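Report on the following structure.
Just the heavy atoms: all of them, side chains too, but no hydrogens, waters or symmetry mates, feed the values below. Below, chain A is the first sequence line, B the second, and so on; all start at residue 1. Since this is a predicted model, take the numbers as computed values, not measurements.
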There are 2 protein chains.
Amino acid sequence: MAMTTDSIFYQDMDGKPIESPNKIKIMDISIELFSRKGFTGVSIRDITKEVGIKESSLYNHFRSKEELLSTIFFNFRRSISRILPQEDHLGGMLQSVSPELFLKQSLAGLMKHIDDPVMAKVWRMMYLEQYRDRVVRDIYLNDIVGNMLKSLEKVFSIWIAAGRIQPADARILAAEYQYPLFAMIGVYVLLRVDGSSTWDIETGMREHVDYFVSKIIV
Amino acid sequence: MAMTTDSIFYQDMDGKPIESPNKIKIMDISIELFSRKGFTGVSIRDITKEVGIKESSLYNHFRSKEELLSTIFFNFRRSISRILPQEDHLGGMLQSVSPELFLKQSLAGLMKHIDDPVMAKVWRMMYLEQYRDRVVRDIYLNDIVGNMLKSLEKVFSIWIAAGRIQPADARILAAEYQYPLFAMIGVYVLLRVDGSSTWDIETGMREHVDYFVSKIIV
DNA sequence: AATGCTAACTAACGCCCGTTACCCTGTCAA
DNA sequence: TTGACAGGGTAACGGGCGTTAGTTAGCATT
C-alpha cells in the first residue's frame, strides 16, 4: 500500500507538536486505513504492520486505539477552524471585494482544505464515523455546519445592511448557499474513494455559486 | 433494548417474501444495531443474543453476515424505487397541480420514507457504510442522488416548456432544489441518532422549498 | 561514568470473531 | 405412519482482537 509522507504539522492533544517519525507515520497510516475501512474495521495489527513496528510499540505513542482516533480528530478540528473567516477581519474584507468574488474565494478555500491529500481522508472519516461517535457528530454539526452557517449569516446581513444584495432573511440565504455545498462535498469525497471523476460535481459547485449570486444581487 | 415489531414486507434477495418470525426479527435487530455501530462494529453474537437464538441458528436464515447486509440493502433499494415519481404518470400529475404543490408533495413523500422507523435506520446505515462498501456507494450515488436529479430535471423542463416557471437550465434547477435537501436529510438523520430536536432542520427544509419556489415562478 | 528517557522488542493474557459439523424436535404432506 | 424439512440447539474450530508486563538498545544530560 502506498505510504503518505506528505504529513501535516500534527499536534498531540496537549498541544505539543508531534515530531517522532514513527508517530507521524502511525497517524498517516491510521488515517488512510480508517478512512477506507472505518475505525472498527481496522486493527492495531493492521496499522503497525504497515508502519513496520510491533503492535506493542504503538502503545509508546498512544494510550489506546481510542486516543489515536481522538488525536486525529483533534487535529482535524484545529485545521478546520483555520478556514473559517475570522469575525474581526470580516468588515474590511467585505468592503474590498464583491459578494461574488468573496463567495468564490470562500469556496476555493474550502476546496483547498478538502483537496489536501491527508485532510481529504479525514473528511471521509468524519462522514464515516459520525453515526458511531458522538464527538465526531458534534464536530460535524457544530464546528462545520453550525459555524459555517453562522459566519455566513453574518456576511449576508452585512451585505443586506449595506444594500449590496437584495433584502432577505440572512439566515435563509446562508442555508441556501451552504447546504448544497455540504451535499456536493459529500458526493465529491465519495467519488474520490474510487478515484472516479469529480468533474461533474466540481462543475456543479461552481454552477451553484453562479446561480445563487444571480438570484441575490441588486 | 427496545425491539422493533413494526416490520416491513421484507423480501429475500430472490424475491420471496420473508415470513419466518425469527428471520424478520433478525432483520429488524440487525438494522437497529448496524445503524448505530456500523457493520464491522456488530457481531453475529450481538444480533442473535438480542433475537433470542443461538448464533448457529442465524445460519439457517442467512448464508453469511455479508448476505444479511445485502438483504437489508436489497429491501432498501426496492423501497426507495417506489418514492420516485414514475415517468409515465408525470404528464398528468404536472398539469393538475401547481409547481409549488408538486414540490411540497414530493418533499412530504420523501420525509415519509425517512420517518418510517425502520427505513430511518437504513438511511443511517447507508450514510455509514457508503465509504466501506461499493454497493452501498452505488445505491446512494445512482439510485438516490442520480435518479432524483434526473427525474426532477424532467419535471423542470416540462414546466419551462409550458411557461409555468422562468426559463432556466433544468439541470441546474434540479441541483439547486435537491442538493440542499440531501444535506438537510443527512443532518436530520444524524440528529435522530441522539433523539435531538429536528424542528430547526425540518423548518429549514420547508423554508428552502419556499425560497426556491419564490425564485422560479413566473 | 552514571542516569534517565525514548522507543523499540518478545511473549503472552483473556476474550471475541465468523463459521461449521452435527444433533434434536415439531409440523405437515404423502 | 412415515419421511422430509425447517428451524431450533450444543460444541467447537482456528484465528484475530486490544492490551499489558517485562526487557533492552541507543542517546542526551549530569
Side-chain angles (χ1 to χ4, degrees), chain A residues 1 3 7 10-31 33-34 36-73 125 129 132-133 135, chain B residues 1 3 7 10-34 36-73 125 129 132-133:
Chain A
M1 188 181 309
M3 195 193 313
S7 330
Y10 292 125
Q11 277 185 14
D12 253 332
M13 285 172 69
D14 56 16
K16 288 205 192 73
I18 294 178
E19 280 157 355
S20 151
N22 271 349
K23 187 161 186 177
I24 294 174
K25 220 166 155 187
I26 290 170
M27 297 271 301
D28 284 338
I29 285 168
S30 301
I31 289 172
L33 295 179
F34 288 157
R36 287 195 296 107
K37 313 190 191 200
F39 180 71
T40 54
V42 175
S43 71
I44 298 289
R45 284 164 179 84
D46 291 336
I47 297 167
T48 53
K49 192 197 289 178
E50 197 84 25
V51 174
I53 57 175
K54 294 294 163 188
E55 58 264 33
S56 56
S57 300
L58 182 140
Y59 290 88
N60 288 321
H61 300 291
F62 299 96
R63 255 189 283 279
S64 67
K65 197 186 174 194
E66 274 302 332
E67 191 187 85
L68 170 54
L69 184 70
S70 306
T71 305
I72 292 171
F73 279 114
M125 284 179 63
E129 301 300 337
R132 217 192 38 80
D133 189 317
V135 175
Chain B
M1 188 180 310
M3 194 194 314
S7 329
Y10 292 125
Q11 277 185 14
D12 254 334
M13 285 170 70
D14 55 17
K16 288 205 191 74
I18 294 179
E19 280 156 358
S20 153
N22 271 348
K23 187 160 188 179
I24 294 173
K25 219 164 155 190
I26 291 171
M27 297 272 299
D28 283 339
I29 286 168
S30 301
I31 290 172
E32 166 68 26
L33 295 179
F34 287 157
R36 288 194 295 107
K37 312 187 192 208
F39 180 71
T40 54
V42 176
S43 71
I44 299 288
R45 283 164 180 85
D46 292 335
I47 297 167
T48 53
K49 192 196 291 177
E50 198 82 27
V51 175
I53 57 174
K54 294 294 162 187
E55 57 265 34
S56 57
S57 300
L58 183 140
Y59 290 89
N60 286 324
H61 300 290
F62 299 97
R63 255 189 283 279
S64 67
K65 197 186 172 192
E66 273 302 333
E67 190 187 86
L68 169 54
L69 184 70
S70 306
T71 305
I72 292 171
F73 278 114
M125 283 179 63
E129 301 301 336
R132 215 191 40 79
D133 190 318

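At a cut-off of 3.5 Å, with distance as the only test, a side-chain donor of B:Ser43 or B:Asp46 sits close to an acceptor on the other residue.
When distances run from any side-chain atom of A:Ile53 to the nucleotides C:dA8, C:dT10, D:dG9, the shortest one goes to C:dA8. Side-chain proximity of A:His61 to D:dG9, C:dA7, C:dC9: nearest is C:dA7.
We find that CG of B:Leu58 is positioned 15 Å from C1' of D:dA6, with the value rounded to whole Å. Note: CD1 (B:Ile24) to C1' (D:dG7) measures 15 Å, nearest angstrom. Atom P of nucleotide D:dT20 and atom CD of A:Glu67 are separated by 12 Å, given to the nearest angstrom. Straight-line distance from the CD atom of A:Glu66 to the C1' atom of D:dT19: 14 Å, rounded to whole Å. As a whole-Å value, the separation of B:Phe62 CZ from D:dA6 P is 15 Å.
Interface remark: the A:Asn60 side chain does form a donor-acceptor pair with the C:dA8 base, using a distance-only criterion of under 3.5 Å.
The backbone N or O of A:Val42 lies less than 3.5 Å from no partner atom in the side chain of A:Lys37, so there is not a single donor-acceptor pair. A distance-only check finds a donor-acceptor pair linking the side chain of A:Glu129 to the backbone of A:Phe39 [under 3.5 Å].
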**OP:** Start with the C-alpha gap between A:Thr71 and A:Glu67, add the side-chain angles, then the distance that decides, and say whether side chain to side chain contact (heavy atoms under 4.5 Å, CB included) holds.
**Re:** CA-CA 6 Å; A:Thr71 305; A:Glu67 191 187 85; 4.2 Å; yes
Subject >> Pair B:Lys23-B:Asp12, side chain to side chain contact (heavy atoms under 4.5 Å, CB included): steps then yes or no >> reply: CA-CA 10 Å; B:Lys23 187 160 188 179; B:Asp12 254 334; 3.2 Å; yes
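Across all non-hydrogen atoms, the minimal contact from A:Thr40 to B:Gly41 is OG1-N, 3.6 Å.
For residues 14-22 of chain B, proximity to DNA chain C is found at no residue, defined as any non-hydrogen atom under 4.0 angstrom from a strand atom.
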Original post:
Which nucleotides of nucleotides 11-18 of chain D have their base under 4.0 Å from a protein heavy atom (B), which only their sugar-phosphate (S), and which neither (-), written as one string 5' to 3'?
Top reply: -B----BB
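Distances shown here put every side-chain N or O of A:Ser57 at or beyond 4.0 Å from the OP1 or OP2 atom of C:dA7.
To the nearest 0.5 angstrom, A:Leu58 atom CG is 4.5 Å from A:Ile26 atom CD1. From A:Leu69, atom CG reaches atom CE of A:Met125 across 5.0 Å, with rounding to the nearest 0.5 Å. Separation of atoms CZ (B:Phe73) and CG (B:Leu68) is listed at 11.0 Å; rounding is to 0.5 Å.
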